[in-house]
Amino acid sequence: MQDNIDSKTYFSTELLEWYDRSKRDLPWRRQRDPYLIWVSEIMLQQTRVDTVIPYFQRFIGRFPTLKDLAEAPEEDVLKCWEGLGYYSRARNLQAAARQVMERHGGVVPANKADVAALKGVGPYTTGAILSIAFNQPEPAVDGNVMRVLSRYFLIRDDIMKTGTRTLMEELAAGLIPRGRASDFNQALMELGALVCTPKSPQCLVCPVMAHCAARIEGVEETLPVKSKAKPPRPEYRLAALVEGDGEHAGRVLVRRRPDTGLLARMWELPHIPAAAIAGEGAGLPDGPAMDRLAAELAAAGVPAQPVEAFMDAEHTFSHIHWNLRVFRFHEAAGHAAAAGLPGLGLAAAEAGAAYETSGSELEEDSAEYRWIKPEDMAALAFPNVFLRILKQYSPLWG
DNA sequence: AATTCGGGGAA
DNA sequence: TTCCCAGAATT
């Protein structure tokens with residue numbers, strides 16, 4: 001046991017010394033404004049430092065104070081988050097900022113219960129805010145920390161299990177040197193990011209290599225133990241890029257997604273589910289696909305004529321893999337084209353059935369549609385996959 | 001305890 | 001390709 005205590009003391013001391021010497025100069029480390037620390041921590045959830053930096057700079061330029069964020073239109077916040085992913089983080093962050101305005105007079109609270117009660121703030125972020133911004137001795141256990149601790153202390157528990165994180169928090173709490181919670185927690189994550197990496201850890205330059213149990217056993221590459229996530233399920237979708245006519249000339253049709261679920265409240269090109277698309281297995285023809293899409297558009301009050309199959313696009317979410325086939329349409333102002341393509345007979349209708357999915361596939365029937373021009377893109381948040389499509393359509397839309 | 005939430009960088 | 005990243009909310 002004495003050896004164990006020495007091992008812990010050694011770990012904390014050496015890690016802190018290493019951090020003081022080699023920490024990165026990151027934007028959110030240049031001050032200790034709890035609001036800015038908080039914003040950075042939310043952005044950093046499941047997201048790399050290099051990805052976050054430009055978003056952080058832009059975000060705090062647009063919303064310099066918690067009050068600015070609380071008073072902004074939600075659309076502005078979402079637009080600022082565009083491309084960063086996990087958009088509920090942005091909506092929760094703003095909701096929490098409004099919480100702070102109402103409950104705490106605009107001052108980020110410095111106690112555990114109040115911080116943990118903020119929307120979008122879970123166990124990790126609670127510890128991160130309290131320790132980094134207020135130097136309180138709370139653990140902040142993320143993926144980096146679990147990797148470092150699992151190796152140094154040779155912990156073989158599956159880090160995907162809830163109980164393992166609790167175990168790690170108790171261990172991490174006991175490692176925090178008195179008065180150095182802020183630096184120590186950041187040091188732990190910094191080590192995981194720069195040295196104790198998932199693959200090919202740089203043990204030879206690690207400040208705590210001498211007492212790292214996994215290194216001594218030669219098993220550092222096998223830790224942490226982590227059960228594999230399920231692969232994303234494939235989904236096939238038919239999307240429409242509708243060019244406006246007449247008063248809509250120079251515009252394209254977009255719609256806003258529902259308030260909840262995947263990509264909530266983001267804007268997108270209209271699309272419908274399909275069982276498959278041409279080139280993906282069955283080699284289905286494009287005609288029936290365009291027919292179904294035209295019917296969908298007509299139902300939305302937008303008669304349109306198909307022009308061509310424009311492009312395919314893929315996009316992987318955590319749990320879904322989208323295969324998109326995008327068709328270009330031209331608005332047919334004046335007459336309802338719900339009947340579908342001219343010249344498509346019964347055979348085409350039967351082929352169209354092959355696209356249909358088995359379950360209920362009705363898209364949001366009350367979806368909000370809008371004809372937009374390129375300048376409107378500055379105010380509307382789109383998922384990256386649709387930004388790519390629009391950019392390929394024309395640089396005007398990039 | 002399992003699923004649902006994006007997107008991209010690195011090997 | 002595969003992994004996984006300064007995770008949280010929901011069911």
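Letters go in sequence order (proteins before strands), and every chain restarts at 1. We use all heavy atoms of the structure for the numbers below, so side chains are in, but hydrogens, waters and symmetry mates are not.
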Name the closest nucleotide to the [X] side chain, picking from [options].
| X | options | result |
| --- | --- | --- |
| A:Y124 | C:dA6, B:dG6, C:dC3 | C:dA6 |
| A:R233 | B:dG6, B:dT4, B:dG9 | B:dT4 |
| A:K199 | C:dA9, B:dC5, C:dC3 | C:dC3 |
| A:K228 | C:dC4, C:dC3, C:dA9 | C:dC3 |
| A:P123 | C:dA8, C:dA6, B:dG9 | C:dA8 |

Donor-acceptor side-chain pairing of [X] and [Y] below 3.5 angstrom:
| X | Y | result |
| --- | --- | --- |
| A:H248 | A:E331 | yes |
| A:T125 | A:Q45 | yes |
| A:Y152 | A:E220 | no |

> Near DNA chain C, under 4.0 Å by heavy atom, which residues of residues 179-196 of chain A?
Replying inline: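 The answer is A:M189.
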> Considering only heavy atoms, which members of residues 18-38 of chain A lie under 4.0 Å from some atom of DNA chain C?
Replying inline: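 Only A:R24, A:L26, A:W28, A:R29 qualify.
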> Can you check salt bridge (charged side-chain N to carboxylate O under 4.0 Å, His left out) on A:R103 and A:D114, steps first, answer last?
Replying inline: CA-CA 9 Å; A:R103 299 183 196 173; A:D114 287 337; over 6 Å; no
> Checking only heavy atoms, does the side chain of A:T316 share a donor-acceptor pair with the base of B:dG7 at less than 3.5 Å?
Replying inline: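 A donor-acceptor contact between them is absent.
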>> Any donor-acceptor pair, under 3.5 Å, between the side chain of A:S318 and the base of B:dG6, if you only look at N and O atoms?
In response: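 Such a pair is found, so the answer is yes.
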Can you find a side chain N or O atom of [X] that sits less than 4.0 Å from OP1 or OP2 on [N]?
| X | N | result |
| --- | --- | --- |
| A:Y87 | B:dG7 | yes |
| A:H315 | B:dG6 | no |
| A:K161 | B:dA1 | no |
| A:Q46 | C:dG7 | yes |
| A:H319 | B:dT4 | no |

Roughly how far apart, to the nearest Å, are [N] and [M] at atom [atom1]?
| N | M | atom1 | result |
| --- | --- | --- | --- |
| C:dA8 | B:dG9 | P | 23 Å |
| B:dA11 | C:dA6 | P | 13 Å |
| C:dC5 | B:dG6 | C1' | 12 Å |

With a 4.0 Å cut-off on heavy atoms, is [X] in touch with a base, just the backbone sugar-phosphate, or nothing at all?
| X | answer |
| --- | --- |
| A:L263 | sugar-phosphate |
| A:R147 | sugar-phosphate |
| A:T125 | sugar-phosphate |
| A:V145 | nothing |
| A:T47 | base |

>> So that I can tick it off, tell me whether A:R292 and A:E296 are bridged by a salt bridge, with the cut-off set at under 4.0 angstrom between side-chain N and carboxylate O.
In response: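 No salt bridge links A:E296 with A:R292.
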> Got a salt bridge between A:E169 and A:R165, using NZ or NE/NH1/NH2 to carboxylate O under 4.0 Å?
Replying inline: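 Looking at A:R165 together with A:E169, the answer is yes, because their closest N to O distance falls below 4.0 Å.
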d([atom1], [X]; [atom2], [N]) in whole Å:
| X | N | atom1 | atom2 | value |
| --- | --- | --- | --- | --- |
| A:H321 | B:dT4 | NE2 | C1' | 18 Å |
| A:K230 | B:dT3 | NZ | P | 4 Å |
| A:E82 | B:dG7 | CD | C1' | 13 Å |
| A:I53 | C:dA6 | CD1 | P | 12 Å |
| A:M160 | C:dC3 | CE | C1' | 12 Å |
| A:R165 | C:dG7 | CZ | C1' | 9 Å |
| A:E169 | C:dA8 | CD | C1' | 13 Å |
| A:R91 | C:dA9 | CZ | C1' | 11 Å |

> With a 6.0 Å cut-off on ring centres, are A:H271 and A:F386 close enough?
Replying inline: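 Close enough - the centres of the two rings lie under 6.0 Å apart.
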>> So that I know where these two stand, are A:F317 and A:H315 an aromatic pair - ring centroids less than 6.0 Å apart?
In response: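 Between A:H315 and A:F317, which both carry aromatic rings, the centre distance is below 6.0 Å.
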> After noting the C-alpha distance and the side-chain angles of A:R265 and A:E74, does the key distance pass the salt bridge (charged side-chain N to carboxylate O under 4.0 Å, His left out) rule?
Replying inline: CA-CA 10 Å; A:R265 286 180 234 177; A:E74 190 198 72; 2.6 Å; yes
> What is the ring orientation for A:W38 with A:Y35, classed by angle as parallel under 30°, tilted 30 to 60°, or perpendicular over 60°?
Replying inline: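 It falls in the perpendicular class, over 60°.
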>> By the definition side chain to side chain contact (heavy atoms under 4.5 Å, CB included), identify the one residue from A:V307, A:V252, A:L297 that meets it with A:F329.
In response: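 Output: one option passes, namely A:L297.
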> Toward the 5' end of DNA chain B, which comes first, A:T162 or A:Y86, by nearest nucleotide?
Replying inline: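 On the 5' side of the pair lies A:T162.
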> Hey, mind stepping through A:K199 and A:E221 against salt bridge (charged side-chain N to carboxylate O under 4.0 Å, His left out) and telling me if it holds?
Replying inline: CA-CA 7 Å; A:K199 286 176 244 181; A:E221 297 262 20; over 6 Å; no
